[in-house]
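Everything numeric here is computed off the predicted structure, so don't read it as measured data. Only heavy atoms go into these numbers, but all of them, side chains included; no hydrogens, no water, no symmetry mates. Quick note on labels: first sequence line is chain A, next is B, and so on, each numbered from 1.
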Amino acid sequence: MKFALVDCNNFYVSCERVFRPDLNGLPVVVLSNNDGCAVARSNEAKALGVAMGQPFFEIKHLVESHGLVALSSNYALYGDISNRVMSVLADEAPQVEVYSIDESFLDLDNMVSVQDLAGWCRQLRRRVRLWTGIPVSIGIANTKTLAKVANRLAKKSAKADGVLDLTSRSDWVEMALRRTEVGDVWGIGNRWSKVCVGAGIVTAFDLSRANPGWIRKAMGNVGLRTVMELQGTAVYSLETEPADRKTVCVSRSFGSATASMEEVRGAMLEYASRAAAKLRHDGMVAAGLQVFVSTDRFRSEDPQRAVSGSVKLSPATADTTSIVRAAVQLLERLWADGYRYRKTGVLLIDLVRPEDLPRDLFPAASSPRQARLMTALDAANDRFGRGALHLGLSAPAAAWRMRREAKTPSWTTNWREIPTVTA
DNA sequence: TCTGGGGTCCTAGGACCC
DNA sequence: TCTGGGGTCCTAGGACCC
């Protein structure tokens, strides 16, 4: 097996820079919802010491002192640019697995005609850059986990020119593993990283040579698989067909906390509507639903409460009205006065394709009339933007709405915000 | 004043069965 | 002093990912 991992560099920041070239060379971060945390950083921002996921209030002073530019997240833009990048890859490579918004694995096995894989990847890299404006790095190896290792080193090394092929020389895998900290291995998170270092396993190379019995005890079969992949045995293969989703979740922290059930209900109404629309988009129905609501866990001086509950949806459905009704009823049951709530959400569970439901056991999930209504609803919101058509009771100006103080325009997905060029 | 959102998989333990 | 052996199914929680 031979895999390439194509990973976009500092993806959200790079997307912003496509339409804001004035941001090149500046320290830039993109913030999470409510402008809460830094979720993407330019190299210049990393050099200032901004950590992944760091709360914005901790780095706000860098705006004044070092010209840090902080942008609110613009997911419409990132999703659209992602599609463009992935379609360039799909044009060039026979088999592609889109792994996340900014990463794809390619299968290089069926490319016998290509003599120089690294050269071919450099060409691909230039093409993505030219056609989308996005810089990518590419790692090549015999397993996905090793391709991840290669990719990280390709990003860090200037002379790699964005591509590192660990299959081209027999001693490169070991060298790469020695230069990778155990916590930077795909599949080794914060927790396991500490456990490993405590046991004297510091580098990826140490991990690849660790005692299997110990690995199994500390990290189970998952850890064992990671070790095998580091040793060069491919455990994970290329998944070109996306599997059916198992859950749909819509949840948000509020712009500011609220003790009003009216307001939280308004939020739930929107979240549940969006969850139902996602479900219909995937052509599935849900047989169950969970709702949760919680206070602000960072305000430890306030009384804390975090509750959740679930109900069955019978018959299984993707109908907005049924899902919203069930979610709101459950929220009202979970509700207790006297708390300032900061977050709520809905999780649709037990998803199935309607054609897989037992035929005659249940009545039709919704009447044909209701189904047509949902189709019309989706079509209107597709065409005119999310929320163009929605159930009543929604409160546009409520305090729970998220803060996004520095969002760039939806350059590529909204006609009213399309960029204009002046000579 | 200020701390994201959306997923997957695995495991341990309890309920229940014969 | 002693209190079966196996199974399955479900759920909650914990780990991981981007």
Side-chain angles (χ1 to χ4, degrees), chain A residues 5 7-8 10-12 29-41 50-61 63 70 72-75 78-79 82 97-105 144-145 148 151-152 182-196 215-226 229 235-236 239 242-257 271 274-275 278-279 282 288 290 292 294-302 306 308-310 312 340 342-351 399 402-405:
Chain A
L5 173 63
D7 189 321
C8 302
N10 313 331
F11 183 55
Y12 297 169
V29 293
V30 171
L31 303 173
S32 62
N33 285 340
N34 289 316
D35 295 341
C37 300
V39 292
R41 307 156 292 155
V50 178
M52 180 63 185
Q54 190 168 13
F56 180 50
F57 72 85
E58 290 179 8
I59 55 173
K60 212 168 189 170
H61 62 278
V63 173
S72 304
S73 44
N74 184 348
Y75 286 104
Y78 313 148
S82 174
E97 172 186 345
V98 177
Y99 176 71
S100 74
I101 193 165
D102 71 335
E103 280 170 81
S104 272
F105 287 102
K144 285 181 161 181
T145 306
K148 279 271 194 180
N151 188 287
R152 259 192 85 257
V182 69
D184 289 329
V185 173
W186 192 40
I188 306 298
N190 210 345
R191 198 62 186 258
W192 288 356
S193 166
K194 288 198 176 103
V195 173
C196 284
I215 296 289
R216 190 167 206 297
K217 216 167 139 231
M219 303 183 278
N221 285 323
V222 181
L224 229 35
R225 275 179 223 144
T226 296
E229 288 243 319
V235 177
Y236 304 109
E239 310 280 341
D244 274 344
R245 186 206 293 281
K246 292 176 176 147
T247 57
V248 166
C249 180
V250 177
S251 75
R252 294 280 180 282
S253 297
F254 303 151
S256 58
Y271 303 169
R274 291 198 37 209
K278 276 196 203 181
L279 200 56
D282 286 2
Q290 251 172 267
F292 49 90
S294 63
T295 50
D296 187 342
R297 68 185 201 280
F298 295 104
R299 293 185 62 99
S300 46
E301 67 276 20
D302 286 359
S308 69
S310 61
K312 294 217 174 306
R340 293 176 53 71
R342 183 73 205 285
K343 181 173 185 172
T344 191
V346 59
L347 184 67
L348 303 178
I349 56 178
D350 301 332
L351 309 190
M402 75 166 107
R403 294 187 303 272
R404 278 163 120 191
E405 287 176 4

Would you indicate what A:R404 reaches in the nucleic acid, counting non-hydrogen atoms under 4.0 angstrom: base, sugar-phosphate, or nothing?
nothing
Could you tell me how far apart A:I349 (CD1) and C:dT11 (C1') are, to the nearest whole angstrom?
10 Å
First locate atom OG1 of A:T247, then atom CG of A:L279, and finally report the distance between them rounded to the nearest 0.5 Å.
10.5 Å
Residues passing the side-chain contact (heavy atoms from CB on, under 4.5 Å) test with A:N33, sequence neighbours excluded, are A:S73, A:Y75, A:R252, A:M402
Nearest whole Å is fine: how far is B:dT3 C1' from A:D35 CG?
12 Å
Which residues pass the salt bridge (charged side-chain N to carboxylate O under 4.0 Å, His left out) test with A:K343, sequence neighbours left out?
none
Just to be sure I understand the rule, does A:Q54 reach a base, reach only the sugar-phosphate, or reach nothing, if contact means heavy atoms closer than 4.0 Å?
nothing
Comparing A:R216 with A:K343, nearest DNA chain B nucleotide closer to 5' gives the residue A:K343
Greater than 12 external heavy atoms within 6.0 Å of A:N190's CG:
no
So, taking the atom named CG in A:N151 and the one named CH2 in A:W186, what distance separates them when rounded to the nearest 0.5 Å?
11.5 Å
Residue-phosphate contact under 4.0 Å: A:S100 side-chain N/O, C:dC17 OP1/OP2:
no
Might you list the N or O atoms of the protein lying below 3.5 Å from N or O atoms in nucleotides 12-16 of chain C, with each pair's distance?
| unit_1 | atom_1 | unit_2 | atom_2 | d |
| --- | --- | --- | --- | --- |
| C:dA15 | OP2 | A:R191 | NH1 | 2.7 |
| C:dA15 | O3' | A:W192 | NE1 | 3.4 |
| C:dC16 | OP1 | A:G189 | N | 3.1 |
| C:dC16 | OP1 | A:G189 | O | 3.3 |
| C:dC16 | OP1 | A:R191 | N | 3.4 |
| C:dC16 | OP1 | A:W192 | N | 2.8 |
| C:dC16 | OP2 | A:R191 | N | 3.4 |
| C:dC16 | O3' | A:G187 | O | 3.4 |

Please report the distance, rounded to the nearest Å, between CG in A:N221 and P in B:dT11.
5 Å
Output all residues satisfying side chain to side chain donor-acceptor pair (under 3.5 Å) with A:D244, sequence neighbours left out; order by chain, then residue number.
A:R353
Mind checking side chain to side chain donor-acceptor pair (under 3.5 Å) for A:R41 and listing every partner two or more places apart, or none if nothing turns up?
none
Selection from B:dT11, B:dG6, B:dG4 that lies nearest to any side-chain heavy atom of A:R252:
B:dG6
Would you kindly give the CG-to-P distance between A:D102 and C:dC17, to the nearest whole Å?
14 Å
Side-chain N or O of A:S256 closer than 4.0 Å to phosphate OP1/OP2 of B:dT1
no
Atom CG of A:D302 and atom C1' of B:dC2: how far apart are they, to the nearest Å?
14 Å
Send over the distance from A:E301 CD to B:dC2 P, rounded to a whole Å.
9 Å
Suppose we screen for side chain to side chain donor-acceptor pair (under 3.5 Å). Which residues come up paired with A:R299, at least two apart in sequence or across chains?
A:D302
Whole-Å distance between B:dT1 P and A:R340 CZ?
13 Å
Report the distance from atom CD of A:E97 to atom C1' of C:dC18, rounded to the nearest whole Å.
13 Å
What pattern of brackets, bars and dots sums up DNA chain C from 5' to 3', given Watson-Crick or G-U wobble pairs under 3.5 Å, [ ] for crossing pairs and | for another strand?
....||||||||||||||
Does a side-chain N or O from A:R299 land closer than 4.0 Å to OP1 or OP2 of B:dT3, or not?
no
So, does A:N33 get its side chain near the phosphate of B:dT3, meaning an N or O under 4.0 Å from OP1 or OP2?
no
Between the protein and nucleotides 7-9 of chain B, list the N/O to N/O atom pairs that are separated by less than 3.5 angstrom.
| unit_1 | atom_1 | unit_2 | atom_2 | d |
| --- | --- | --- | --- | --- |
| B:dG7 | OP1 | A:R245 | NH1 | 2.8 |
| B:dG7 | OP1 | A:K278 | NZ | 3.4 |
| B:dG7 | OP2 | A:C249 | N | 2.5 |
| B:dG7 | O5' | A:R245 | NH1 | 3.3 |
| B:dT8 | OP1 | A:K246 | N | 3.0 |
| B:dT8 | OP2 | A:T247 | OG1 | 3.0 |
| B:dC9 | OP2 | A:K246 | NZ | 2.8 |

Taking side chain to side chain donor-acceptor pair (under 3.5 Å) as the definition, give me every residue that meets it alongside A:N10, ordered by chain and number, with sequence neighbours left out.
A:N43, A:K46
Indicate, with a heavy-atom threshold strictly under 4.0 Å, whether A:F56 touches base, sugar-phosphate, or nothing.
nothing
Partners passing salt bridge (charged side-chain N to carboxylate O under 4.0 Å, His left out) against A:D296 (at least two apart in sequence or in another chain):
A:R342
Contacts of type side-chain contact (heavy atoms from CB on, under 4.5 Å), residue A:S32, not counting sequence neighbours
A:C37, A:V39
I'd like to check the side-chain contact (heavy atoms from CB on, under 4.5 Å) partners of A:S310; sequence neighbours left out, ordered by chain and number.
A:Q290
